[in-house]
Amino acid sequence: AGIDDYAMMQEMLRRRFSRLGHAEAQSTADTSVEPAKRDGQPWGIIPDLVLIDGGRGQLNAALEVMAEMAPDVPTASLAKGNEEVFAPWSPDPIVLPRQSAGLFLLQRLRDEAHRFAVTYHRNSRSKSAIQSALDLVPGIGPKRKRMLIRHLGSVKGIREASVDEIAAAPGMTRRLAEKVKEYV
């Protein structure tokens with residue numbers, strides 16, 4: 001019910017570090033196996049540091065997962081606003097000097113993570129915004145979708161057409177036409 005920032009962060013960390021466990025299991029079974037990779041990225045590599053975007057609450061949520069999944073990986077967080085660094089070993093936030101190269105590096109890392117996340121979510125939303133009912137029909141790919149729209153004019157035209165009219169479109173069969181009527 002609603003957005004839970006802490007739970008989302010924990011889920012992301014569990015997913016990331018469950019890949020680490022999978023890679024370790026593979027490498028202990030066979031020393032010739034490389035770390036697990038996804039999109040060319042070696043997800044089986046243990047990071048030197050996990051930096052969380054947020055304050056003490058986000059850090060505590062992350063530390064719960066890190067304790068069970070990767071207890072030896074140091075974890076800290078950077079809170080926007082006062083640019084405070086929170087670390088599990090310090091009860092008070094660490095405030096780096098405003099002109100500090102370390103603070104500048106942490107800010108750049110955080111800003112890059114934001115840029116990446118915002119771009120990903122924008123792309124996800126734009127794809128779903130231009131999705132049509134035809135995208136949900138199994139067996140209807142981009143070519144058949146284009147042919148159906150050319151043949152019947154629009155998704156509304158497809159919705160109003162009979163199974164026989166849909167089957168008459170180039171590249172269509174009666175069975176696919178029945179599926180289209182079922183989904184559209």
(request) Taking all heavy atoms of R16 and all of P47, pick out the closest pair and write down the distance. (result) NH2-CD, 3.9 Å
(message) Among residues at least two apart in sequence or on other chains, which ones pass side-chain hydrogen bond (donor to acceptor under 3.5 Å, both in side chains) with D111?
(response) none
(request) Scan residues 175-184 for pairs that pass salt bridge (charged side-chain N to carboxylate O under 4.0 Å, His left out), counting only residues two or more places apart or in two chains. (result) R174-E178
Which pairs would a plain distance check flag for residues 64-77, meaning a side-chain donor or acceptor within less than 3.5 Å of a matching protein atom at least two apart in sequence or in another chain?
| from | atom 1 | to | atom 2 | distance (Å) |
| --- | --- | --- | --- | --- |
| E64 | OE1 | Q10 | NE2 | 3.1 |
| E68 | OE2 | R14 | NE | 3.4 |
| T75 | OG1 | V73 | O | 3.2 |
| S77 | OG | G54 | O | 3.1 |
| S77 | OG | G55 | O | 3.3 |

(message) Can you list, by chain and residue number, the hydrophobic cluster partners of V180 when the side-chain cut-off is 4.5 Å?
(response) L134, L136, V137, I140, L148, I149, L152, V155, I158, I166, M172, L176, Y183, V184
(request) For R150, enumerate each residue passing the side-chain hydrogen bond (donor to acceptor under 3.5 Å, both in side chains) test, keeping only those at least two apart in sequence or located in another chain. (result) none
(request) Decide side-chain contact (heavy atoms from CB on, under 4.5 Å) for L106 and L96; before the verdict, give the C-alpha distance in whole Å, the side-chain angles of both, and the deciding distance to 0.1 Å. (result) CA-CA 10 Å; L106 293 176; L96 298 172; 4.0 Å; yes
(message) Tell me the closest heavy-atom pair linking A177 and A167, and the distance in Å.
(response) CB-N, 3.6 Å
(request) List, by chain and number, the other hydrophobic cluster members for W89, where Ile, Leu, Val, Met, Phe, Trp and Tyr join if side-chain heavy atoms come within less than 4.5 Å, directly or indirectly. (result) none
(message) Can you confirm whether the side chains of D53 and Q58 place a donor and an acceptor under 3.5 Å from each other?
(response) no
(message) According to side-chain hydrogen bond (donor to acceptor under 3.5 Å, both in side chains), who are the partners of R56, at least two apart in sequence or on a separate chain?
(response) none
(message) Tell me if a side-chain donor or acceptor on S18 pairs with a main-chain N or O of R15 at a distance below 3.5 Å.
(response) yes
(message) Measuring from atom CG of L109 to atom CG of L105, what distance do you get when rounded to the nearest 0.5 angstrom?
(response) 4.5 Å
(message) Run the side-chain hydrogen bond (donor to acceptor under 3.5 Å, both in side chains) test against E84 and tell me which residues pass, sequence neighbours left out.
(response) none
(message) Please enumerate all residues that pass salt bridge (Lys or Arg N to Asp or Glu O under 4.0 Å) together with E165, with sequence neighbours excluded.
(response) none
(request) Each residue besides L63 in its hydrophobic cluster should be listed here, by chain and number; the cluster joins Ile, Leu, Val, Met, Phe, Trp and Tyr at side-chain heavy-atom distances under 4.5 Å. (result) L59, F86
(request) Enter the distance from R146:CZ to K143:NZ here, rounded to the nearest 0.5 Å. (result) 7.5 Å
(message) A quick test of your reading: do over 12 heavy atoms of other residues, nucleotides or ligands sit less than 6.0 Å from CG of D48?
(response) no
Result block: side-chain N/O donor-acceptor pairs under 3.5 angstrom for residues 97-104, not counting sequence neighbours:
| from | atom 1 | to | atom 2 | distance (Å) |
| --- | --- | --- | --- | --- |
| S100 | OG | G102 | N | 3.1 |
| S100 | OG | L103 | N | 3.3 |

(request) Give a yes or no on whether L78 and V95 share a hydrophobic cluster (residues Ile, Leu, Val, Met, Phe, Trp, Tyr; joining criterion: side-chain heavy atoms under 4.5 Å apart). (result) no
(request) Under the salt bridge (Lys or Arg N to Asp or Glu O under 4.0 Å) rule, collect the residues that match up with R110, sequence neighbours excluded. (result) E83
